[in-house]
Amino acid sequence: MRLRGRKGIKEALEAQPELVVLEPQANKGRWREAFGNDRPIHVELGMGKGKFISELSALNPETNYIGIDMYDELIRRGSEKARDSREVHGGDLSNLRLVRFNIEDLEDIFEQGELNRIYLNFSDPWPKKKHARRRLTHPAFIRKYEQVLNEWGEIHFKTDSRSLFEFSLNSFADLGIRLRQISLDLHADGPRTDLVMTEYETKFSQQGMPIHRLEALIGPKALQAHIERLAGVDEAAAAEESEQPE
Ligand SMILES: C[S@@+](CC[C@H](N)C(=O)[O-])C[C@H]1O[C@@H](n2cnc3c(N)ncnc32)[C@H](O)[C@@H]1O
C-alpha cells in the first residue's frame, strides 16, 4: 500500500486517546477493562485504511472491535473513517480502538484467550516461496492466533489471491483445524450485502476478480456449536424426508 504521510500525524493520533491506543502493551489482559464491559472482542489484523472495521463496529455496537495496522498514517485514516461511519450509521466510538502495532508481536498486546474473533482481510500474499513465513496464515501465525483466541474463537479470512488461499487451506489442514463457509467466489451471485466489504474487496470485486473466503473454528465451543448445528440440520432434513409420501 502506497502511503503519503502527513505532518503532525503523531499529534493527530495523540489527540484522540479514546479511539487510538498508542501503548497497547499496557492493555494486555485488560482490554475488557479498557472497553468497560465484558462483550466479545473482534480484531482485524492489517486493517489498511479502516473501512471494514469502522463500518462493522458502527453496525454492531454490542461487540468490541480493535483494528491493527503498522503505519501511523493508516491509523489516522482509520480514525477519520470511524467518525464518518458513525455519521452514516449512528452510534458512538466506544466499541472501537485503533492500534499501530506489528502483528508479529501479537502476544505482547493480548493475553491468552482474550479475543473472540480475528479477521484477516486481503493480507499481503508474499508470493515468493522464500517469504512464506511472512504470510499471515502461515502455521506459525495461526499458532499465535490460537493462543490469544478464547474457547469461542474463530478466524475469518478473505483474499483475492488464489495462491494465498491455497496456502492457507493447507496451513489450517496441517494444524487439524475445522473450516466452514468456504467460498471460491464470494460475490458470484451479486455482492453479499450481509457481509461488510473491505477497501481491497470493493476494488477487486468491481474488477471482476473472485474473492475467496473461509471461517476457521479455533475454540472448542465454536466447533461444538457448529457440529450441533449441522446435526440439527440433518435431523430436520430426515424428518422432512420421512414425511414425504412414498
Ligand atoms: C493489502 S492491505 C489490506 C487492507 C485491508 N484489510 C483491506 O482489505 O482493504 C494489508 C495491510 O496489512 C498491513 N500489514 C501487513 N503486515 C503487517 C504487520 N506485520 N503488522 C501490522 N500490519 C501489517 C499493511 O500495512 C496493510 O495495510
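Whatever order the structure lists them in is the order used to number ligands and atoms, beginning at 1. Quick caveat: nothing in here was measured; it's all calculated off a predicted structure.
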Q | Test item: side-chain donor near acceptor, E44 and N121, under 3.5 Å | A | yes
Under 3.5 Å, is there a donor-acceptor pair linking the side chains of S57 and R97?
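No, R97 and S57 have no side-chain donor paired with an acceptor closer than 3.5 Å.
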ask   = Does the pair E87 and R83 meet the rule for a salt bridge (Lys or Arg N to Asp or Glu O under 4.0 Å), with working shown?
value = CA-CA 7 Å; E87 279 181 20; R83 290 176 203 286; over 6 Å; no
Whether [X] lies under 4.0 Å from ligand 1, heavy atom:
{"X": "K49", "result": "no"}
{"X": "E201", "result": "no"}
{"X": "N102", "result": "yes"}

- Can you tell which of I68, D69, I103 gets a heavy atom nearest to atom 27 (O) of ligand 1?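 Result: the heavy atom closest to atom 27 (O) of ligand 1 is in D69.
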In terms of its nearest heavy atom to atom 18 (C) of ligand 1, the top option of R77, R135, M70 is M70
message: In the structure I gave you, are the side-chain heavy atoms of T159 and F167 within less than 4.5 Å of one another anywhere?
response: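 Of all side-chain heavy-atom pairs linking F167 with T159, none is under 4.5 Å.
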Is any side-chain heavy atom of V43 closer than 4.5 Å to a side-chain heavy atom of Y145?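 Side-chain contact under 4.5 Å: no.
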Notebook entry, point to check: Charged N to carboxylate O under 4.0 angstrom, E199 versus R77?
Noted result: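 Answer for the salt bridge query: no.
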Without swapping roles, check the side chain of [X] against the backbone of [Y] for a donor-acceptor pair under 3.5 Å.
{"X": "Q224", "Y": "G219", "value": "no"}
{"X": "N150", "Y": "G153", "value": "yes"}
{"X": "W31", "Y": "I109", "value": "yes"}

Enumerate the atoms of ligand 1 whose separation from the nearest heavy atom of [X] is less than 4.0 angstrom.
{"X": "N121", "answer": "3 (C), 5 (C), 6 (N), 8 (O)"}
{"X": "D124", "answer": "1 (C), 10 (C), 15 (C)"}
{"X": "G48", "answer": "4 (C), 27 (O)"}
{"X": "E44", "answer": "6 (N)"}
{"X": "F122", "answer": "1 (C), 2 (S), 3 (C), 8 (O), 10 (C)"}
{"X": "E199", "answer": "9 (O)"}

What do you reckon, does [X] have a nitrogen or oxygen under 3.5 Å from a nitrogen or oxygen of ligand 1?
{"X": "G46", "result": "yes"}
{"X": "L136", "result": "no"}
{"X": "Y71", "result": "no"}
{"X": "T198", "result": "yes"}

For M47 and L74, the nearest pair of non-hydrogen atoms, with its separation, is CE-O, 3.6 Å
Any heavy atom of K51 under 4.0 Å from ligand 1? The part involved is neither
Below a 4.0 angstrom heavy-atom separation, can you tell me which part of F101, side chain or backbone, both or neither, approaches ligand 1?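 For F101, only backbone atoms sit under 4.0 Å from ligand 1.
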In terms of relative ring orientation, are F165 and F157 parallel, tilted or perpendicular, with 30° and 60° separating the classes?
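Rings of F165 and F157: parallel, under 30°.
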